[in-house]
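Note on naming: letters A, B, ... go to the chains in the order of the sequence lines (proteins, then strands), and numbering restarts at 1 for each one.
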Protein chains: 2
Amino acid sequence: MKTLRDVALHARVSVATVSRVISGDYPVKEETRRRVLEAINALDYHPNGVARSLKSAKTYTLGVLVPDMANPYFIQIARALEAVVESSGYHLLVASSDEDAEKEIGLIKVFLEKRLDGMVIAPAAVSLSPELASFLSSTLSVVLIDRVLDGVEVGSVREESRQASKLLVRHLVSQGHREIAMITGRKLTTTSLEREAGYRDALQEAHIPFCETYLMWGDYDQETGYLGGKRFLSMKDRRPSAVFCANNLITLGFLHAVDEVGLRVPDDISVVSFGDPFEATFMTPKMTIVVQNPADVGRFAGRMLLRKLERNSTVHDTEEVVLPTEIRLGSSTRSLVVN
Amino acid sequence: MKTLRDVALHARVSVATVSRVISGDYPVKEETRRRVLEAINALDYHPNGVARSLKSAKTYTLGVLVPDMANPYFIQIARALEAVVESSGYHLLVASSDEDAEKEIGLIKVFLEKRLDGMVIAPAAVSLSPELASFLSSTLSVVLIDRVLDGVEVGSVREESRQASKLLVRHLVSQGHREIAMITGRKLTTTSLEREAGYRDALQEAHIPFCETYLMWGDYDQETGYLGGKRFLSMKDRRPSAVFCANNLITLGFLHAVDEVGLRVPDDISVVSFGDPFEATFMTPKMTIVVQNPADVGRFAGRMLLRKLERNSTVHDTEEVVLPTEIRLGSSTRSLVVN
DNA sequence: TGCAAAATAGAAAACGTTTTCTAGGGGAAT
DNA sequence: ATTCCCCTAGAAAACGTTTTCTATTTTGCA
């Protein structure tokens, strides 16, 4: 691969001159410039970004760390993010921690070693090692999304979860449901806790006693939804009349279980969910859901990150954005109330 | 951010020694090693990967260039790819050309400048500029997926398309359909052409004359499917009885149109499709499709790339892998044959 | 005890840029 | 005609590593 030196030799000028022709922010005589450009073309020269980055201490690359690459929710966040930052010349390195705290730390270190200019993290862990945490908040431009991370004081963007969950469950209550189960993710993640809180809020409001057996913790994946479905649907005596699935993938798994058992939604069981498990909203059954907006999360996070990058000062900018969500009624629940 | 020099100073050794402690492939006295490691910890030192890459001419980063980040098909390819290469210490830079040939060239240049060790490209364009083409085949480890690129002689991995399309349409024919329309992508991409060829093959086999008005070219996206739906469904006199959608997103858009017009699948119109538009196969309507296997494409491409990277010789390895596909019958078509 | 060889560590060059500092040459102003 | 300044371009240092080469100490063996 050719270097500046090769070009310089070919154009019979110094490397400094070639560099200046390329960067363009230094006067070069027209004839010299022409010779240099010609040499660049003749040699098929492509600047070495690595050397550039070393010298300039900028890689123009941002990292995105998500807990699950299989979840369209995070993919959409990444896409929107990319769209926002690309106009400022940044590129995206996407990595997945697979909800594994160890792997997450490893990937953050990789990002650090690659000297990315900034990163967006949807944390898998609840906290980081103190050194890494202080490191992150001081050295690098970081924005957290979806969940927060103890001890990392940086900006964050997420979607309202608790109130939305409450509304969702309240809707079930208003339809006469009282045996309402919930399937959700890890006990420790911000979103899980918030959604559970909303679920409890609604139950309490309706004076329905909370029942341990109706709450299932697992992961934010299809497997969990499927297992939850198997468990709840096989409760002979007290099978719930409705289930609240705390995320899109869980819903998918749950519906799979419903299908397999030979039941139907909403005739045999009502389902409400967080986020649309189907991209295509016209498909059946049309779900009653909390409409999430990953694209907005990505956009906000992207803009926040760009702001931090511009004033590369280590301003302690701890803005916390919580985007509003709303619920959309579908046909996945059945009213038990006799009119 | 700390450097080797800082660590060396703190540990009262030379930078060379610190470097050797870190790399580990050179004998260092136990006591010295201890001092160095302690200094590394004390200073929160993280190696500068940029400098490393400059010196070693390896970035341990691979690029993936897809035409559409919104398409789960490519996302799944990227995921499988990542799983394969991560065990060898590589990371993935994912970029989307948005089916734009200009943008594609720009991104390839970015990959080149970032000195990625290799790249996987699902080409948007049919060919590249000759310089870039020769450059790619000679300098970098490249694997093409899904489509091929004129003049770029490297390995490629894709899925069988023509025969599968033929089988799909043949199935419709066997059910008595004769007015069979097709909605597909760009006229120029490998996959579009192959799928159209398969469509024609089946028609010819059944002695059904090919009809221009039943073939719609567009993009591989929902928009095209939707527009195609509007067009075909509004054909009063000769509305097709079946439609072949050449990709998952087109199908989604088409179904949207069907829904909007107030028709039903398969009662009013039969649909067959390439790739599952719904991740969840138990959803209704269950589509009759060509089952694609993006994960396999990613795995094969990943392994091929790793092989090229290992023997970093510029072996002209032009292996072309074409993975077999099969069709899965669902309930999205209606038989017109009276038993 | 002495000497060769092995073990360990430092100095310095190199990777390919960018940028500062220096210098030559030519035009304008006196 | 002389001086001064501006325009242009080259030399060299720097970014943070790795690695070669060299120097010193330690060890082993006669």
Those residues of residues 33-44 of chain B lying under 4.0 Å from DNA chain D by at least one heavy atom: none

NZ or CZ of Lys114(A) within 45° of Phe111(A) ring axis and under 6.0 Å: no

Residues Arg34(B), Glu30(B): salt bridge by 4.0 Å N-O rule: no

Over 12 foreign heavy atoms within 6.0 Å of CZ, Phe300(B): no

Touch class at under 4.0 angstrom, heavy-atom based, for Val28(B) against every strand present: sugar-phosphate

Nearest-Å distance for atom pair NZ/C1', residues Lys29(A) and dC6(D): 14 Å

Any donor-acceptor N/O pair, Asn48(A) side chain to Val50(A) backbone, under 3.5 Å: yes

Positive for side-chain hydrogen bond (donor to acceptor under 3.5 Å, both in side chains) with Tyr220(B), one of Thr191(B), Thr189(B), Asn71(B), Asp68(B): Thr191(B)

Side chain to side chain, Leu309(B) and Leu62(B), heavy atoms closer than 4.5 Å: yes

Under 3.5 Å: donor-acceptor pair, side chain of Arg33(B), backbone of Pro27(B): no

Sugar-phosphate only, base, or nothing, as touched by Val13(A) at under 4.0 Å among non-hydrogen atoms: sugar-phosphate

Contact pattern, 5' to 3', of nucleotides 13-21 of chain D - B, S or - by protein heavy atom under 4.0 Å: -BBBBBBB-

Touch class at under 4.0 angstrom, heavy-atom based, for Thr32(B) against every strand present: sugar-phosphate

SB check Arg79(B) Glu82(B) (cutoff 4.0 Å): no

Main-chain N/O of Ala124(A) paired to Glu104(A) side chain as donor or acceptor, under 3.5 Å: yes

Overall bend - the helix from dT1(C)-dA30(D) to dT30(C)-dA1(D), comparing terminal axes fitted on five pairs, nearest 10 degrees: 50°

Tyr60(B) and Glu113(A) side chains, donor-acceptor separation under 3.5 Å: no

